Amino acid sequence: MSRYNARVVEPKWREKWVELGCDRAQTDPDKPKYYVLEMFPYPSGRIHIGHTRNYTMGDVIARYKRARGFNVLHPMGWDAFGMPAENAAMERNTHPGKWTYENIDTMRAQLKLMGLSIDWSREFATCDPDYYAQQQRLFLDFYKAGLVYRKKSTVNWDPVDQTVLANEQVEDGRGWRSGALVEKRELTQWFFKITAMADELIDAIDTLGGWPEKVRTMQANWIGRSHGLEFKFDVIDSKGKTKADPLIVYTTRPDTLFGAAFCAISPGHPLALSLAKRNKKLDAFLAECRQMGTTEEELEKAEKKGFKTSYRVRHPFDPDKLLPVYVANFVLMEYGTGAIFGCPAHDQRDLDFARKYDLPVLPVVVPEDADPASFEVGDEAYTGPGRIANSQFLDGMSVEEAKAEVARRMEKDDRGHLKTNYRLRDWGISRQRYWGCPIPIVHCDACGPVPVPTDQLPVRLPDDVEFDTPGNPLDRNSAWHSTNCPSCGAKARRETDTMDTFVDSSWYYARFTAPEADTPTRAEDAAYWLPVDQYIGGVEHAILHLLYSRFFARGMNDTGHLPATAREPFSALFTQGMVCHETYQLPDGKWVSPDDVVRDGSAVKHRSTGAPISVGPITKMSKSKKNVVDPEQIIEQFGADTARWFMLSDSPPERDVEWTASGVEGAWKFVQRVWRLIDQVKDTADDANAENDALRAAHRALQSVTADIEAFRFNKAIARVYELLGQISAAQVDEPATKAAARLMIQIMFPFTPHLAEEAWEALGGEQPLVQTAWPEPNPAFLVDDTVTLPVQINGKRRTELTVAAEASKEEIEAAVLADATVQRYLDGKHPKKLIVVPKRIVNVVA
RNA sequence: GCCCGCUUGAUGGAAUGGUAGACAUAGCGGACUUAAAAUCCGCAGGCUUCGGCCGUGCCGGUUCGAGUCCGGCAGCGGGUACCA
């Protein structure tokens with residue numbers, strides 16, 4: 001008996017597939033198309049198990065859809081710009097490009113071992129000048145369309161390294177390399193006007209039927225559309241004089257205006273800045289606020305603090321009421337107007353603030369079932385519905401009526417107006433880094449920022465860069481940034497900012513449809529292939545990457561680079577779970593790779609040094625925590641099919657999976673069992689009319705596996721195949737029907753284990769390779785049952801079961817149930833109160 | 001903090017509101033073998049007075065019936081705009 005040798009079989013079939021060119025996709029409007037895409041990888045060094053899980057899922061879909069007659073596009077590329085390459089350049093004294101392209105070579109070779117049916121002729125990296133040249137064109141077209149502008153914004157600044165730090169590079173307020181206290185610095189930066197499309201981006205979420213509900217919810221919440229009122233407070237200075245400039249606030253709760261106890265402005269608000277010029281304590285408070293990080297998480301988690309200014313504001317409807325004005329660290333300059341009024345009774349954060357600074361808490365919304373005279377707010381703000389009280393002309397109204405009435409009066413007095421606000425901020429794309437797509441702009445003293453003419457694109461990155469000093473090498477490279485103004489010809493300076501790498505990944509899916517085109521896209525290819533029919537990737541990209549891509553598709557449509565039919569980039573999205581692993585740390589906090597961890601009884605030690613290791617929480621595999629596993633070892637030992645099979649077998653694909661070494665062996669044993677079965681049945685004669693239990697089981701499996709693949713239930717599909725193998729093995733091996741069943745099983749397995757399936761198919765006498773064979777159809781005659789066994793519950797507990805004809809009516813089942821001995825024993829001669837019969841499902845007798 | 005998820009045997013997990021634990025891993029027992037590996041067969045949630053009873057993170061609700069739906073809580077994970 002021959003043993004299945006993956007080392008020989010797998011390369012043989014990969015070569016055959018290349019020879020047949022079956023992975024090549026060609027635009028052909030006469031054929032139905034299917035575009036399946038997995039999120040492309042960052043070339044970090046080596047493929048990790050999370051990648052392979054992702055690509056295997058896409059490959060199952062791609063192979064299945066081809067077998068179903070679709071013209072399939074399944075490309076691969078590299079998200080190749082980014083910070084790690086610069087870090088590697090500094091650490092290894094190499095060039096980011098060299099490091100990146102070497103990584104790509106390694107990872108491409110690893111991916112090819114997986115037997116993925118990818119059209120490699122379309123491969124590109126985002127750091128290829130051919131790619132970023134087209135991206136620069138898109139930037140300029142967006143610029144001309146008014147989707148790009150400059151404004152000041154804040155960055156993390158490392159005063160020692162003299163460089164901008166990413167949020168990830170700030171640890172406890174200090175730079176990760178220098179250890180210096182990080183400062184905030186204002187820079188003029190480039191922005192994409194994504195907020196201009198906020199309404200469309202949120203409204204179109206309803207059209208994304210193929211997306212998971214959770215992602216749609218996250219996107220809607222991220223955009224965060226709110227309807228409220230923007231209005232003016234008159235400002236009174238410390239001498240009691242009314243200032244010329246009012247304080248403009250935004251609120252979603254104008255109904256609670258009479259409950260206002262204070263106003264709060266952002267530390268970045270112009271009023272705060274001007275007051276600080278004359279108040280050292282306030283200046284110190286603003287400095288303290290600047291010490292906080294730039295991340296939303298840090299700002300929100302920080303203790304809520306306020307600084308009471310000498311100014312007050314006059315209540316718009318109650319001129320005698322003056323409210324104190326605080327500068328508060330939790331008010332964001334980016335949201336609304338950077339100023340709010342606080343109503344402690346009906347907002348938890350305002351309540352906490354009021355308790356801390358001893359401000360009055362006046363309830364103005366009273367729940368329907370409470371007494372307005374005695375209703376009070378304790379430690380919890382009341383945010384529910386109710387009747388307005390303590391609010392003059394609003395008293396007795398509902399919340400909605402009061403909102404409308406306040407807005408009406410404000411508009412009449414020209415004091416305010418209804419306004420829709422978004423949590424979404426414009427997309428800042430400027431990065432003060434080398435390894436990114438240069439922003440194609442020249443700064444001229446006379447002309448201002450001038451676009452680089454299209455015929456001068458791409459603005460190429462210079463090769464001669466040094467990474468021995470921190471900071472942006474482009475900034476120091478005067479040979480590169482010195483140029484002449486394209487408009488007036490005077491001496492000018494190139495923009496040295498490069499683009500956020502999210503820009504690169506926002507349109508790559510479109511570039512795959514015509515990767516060699518000398519324009520960003522080619523109309524006929526884009527029109528045929530787009531949108532992507534199935535996009536697959538990690539849920540960690542649920543918001544930013546996907547939202548930016550949705551914005552880009554619209555921008556590209558508006559600038560003529562995509563058809564209107566591709567205004568949404570991805571018809572269907574599948575978010576696969578992450579591959580997680582335990583984390584390991586040495587006593588000094590250094591992370592340790594799983595390969596370097598050994599267990600000695602209950603003790604966990606470092607393999608070479610024997611140092612004790614603490615086992616940390618199971619988190620997503622990441623380079624920074626070193627908890628990564630190398631799939632190549634598994635492929636070398638067991639073959640790609642075993643790895644593919646195992647990867648999809650245990651966890652449902654949308655769920656996180658904890659990687660443990662056990663289980664691969666099981667998959668490998670399965671592969672061997674399949675091969676033994678093929679060996680046993682391959683010489684049996686064929687008979688077109690054959691029939692047995694094994695063949696019936698195979699047709700049923702075909703039906704359920706087909707449904708499982710369509711629904712991304714790969715783990716269930718695999719469980720079904722395990723079951724089928726058992727059923728076929730139990731049959732007479734020399735019956736023609738058993739061979740037919742085995743043949744069907746092989747076809748079912750093909751998308752999962754393509755090399756094994758091809759080899760087995762050939763052994764079973766398949767006329768052409770499975771890559772050229774259509775997906776089989778189940779024989780309906782094999783799918784029907786004559787009888788069905790129903791569980792019988794008595795008072796909701798299963799007591800017995802009943803076998804009836806599959807087509808038995810409700811009445812027939814009821815009669816059979818009442819005649820059943822067990823049922824009669826429980827009923828004890830009485831009539832059941834109720835008899836619930838769900839045909840083909842269950843019977844419940846309520847005694 | 002906020003937004004979004006997840007929680008079922010020793011482990012990964014299965015279950016259109018309808019028999020909880022399919023399938024697999026680890027385990028135990030057996031067959032084959034001089035022996036081992038490999039392979040094959042079987043057992044397997046807990047408790048039990050052997051009638052049953054309990055059991056899907058915790059508390060409560062809806063229902064003839066809840067792992068599944070609703071309300072609350074806890075723990076864990078993802079995102080939080082310069083990691084990709």
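Each chain gets a letter, A, B and so on, in the order the sequences are listed, and its residues count up from 1. The shown structure was predicted, so the numbers you read here are calculated from the model rather than taken from an experiment.
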**OP:** Tell me whether the OP1 or OP2 atom of B:G13 has a side-chain N or O from A:Ser651 closer than 4.0 Å.
**Re:** yes
Original post:
Quick one: is B:A81 close enough that its OP1 or OP2 comes under 4.0 Å of any side-chain N or O from A:Arg425?
Top reply: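 The answer is no; no side-chain N or O of A:Arg425 sits under 4.0 Å from OP1 or OP2.
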Subject >> Under-3.5 Å donor-acceptor pair between A:Gln169 side chain and B:C83 base >> reply: no
Subject >> Donor-acceptor pair under 3.5 Å, A:Glu296 side chain vs B:G1 base >> reply: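 Flag set: donor-acceptor pair detected.
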**OP:** Dot-bracket for RNA chain B, please, read 5' to 3', with Watson-Crick or G-U wobble pairs under 3.5 Å on both distances, ( ) within the strand, [ ] crossing, | other strand, . unpaired.
**Re:** (((((((..(((.....[....))).(((((.......))))).(((....)))..(((((..]....))))))))))))....
Quick one: label [X] by what it contacts on the DNA or RNA (base, sugar-phosphate, nothing), any heavy atom closer than 4.0 Å.
X: A:Arg673; result: sugar-phosphate
X: A:His541; result: base
X: A:Leu424; result: base
X: A:Val721; result: nothing
X: A:Arg216; result: nothing

Can you tell whether the side chains of [X] and [Y] come within less than 4.0 Å, N to carboxylate O?
X: A:Lys214; Y: A:Glu654; result: no
X: A:Asp500; Y: A:Arg431; result: yes
X: A:Glu186; Y: A:Arg290; result: no
X: A:Arg798; Y: A:Glu801; result: yes
X: A:Glu297; Y: A:Lys301; result: yes

**OP:** Using the six-membered ring wherever Trp is involved, compare the ring planes of A:Trp99 and A:Tyr42 and label them parallel, tilted or perpendicular (cut-offs 30° and 60°).
**Re:**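 A:Trp99 vs A:Tyr42 ring planes: tilted.
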Subject >> Candidate pair A:Asp497 and A:Ser430, rule side chain to side chain donor-acceptor pair (under 3.5 Å), full reasoning >> reply: CA-CA 6 Å; A:Asp497 285 354; A:Ser430 278; 3.0 Å; yes
Subject >> Between P of B:C64 and NZ of A:Lys797, the distance in whole Å >> reply: 16 Å
Original post:
For the ring pair (Phe, Tyr, Trp, His ring centres under 6.0 Å) test, which of A:Tyr548, A:Phe502, A:Trp427 pairs with A:Phe192?
Top reply: A:Trp427
Original post:
If each of A:Thr294 and A:Phe502 is mapped to the nucleotide of RNA chain B with the nearest heavy atom, which maps nearer the 5' terminus, i.e. the 5' end?
Top reply: A:Thr294
Original post:
In terms of the nearest nucleotide of RNA chain B, which residue is placed more toward the 5' end: A:Lys301 or A:Val846?
Top reply: A:Lys301
Subject >> Base-contact (B) and sugar-phosphate-only (S) positions in nucleotides 16-22 of chain B, heavy-atom cut-off under 4.0 Å, - elsewhere >> reply: B-BB--B
Subject >> salt bridge (Lys or Arg N to Asp or Glu O under 4.0 Å) partners of residues 215-226 of chain A, not counting sequence neighbours, each pair once >> reply: A:Asp199-A:Arg225, A:Asp203-A:Arg225, A:Glu213-A:Arg216
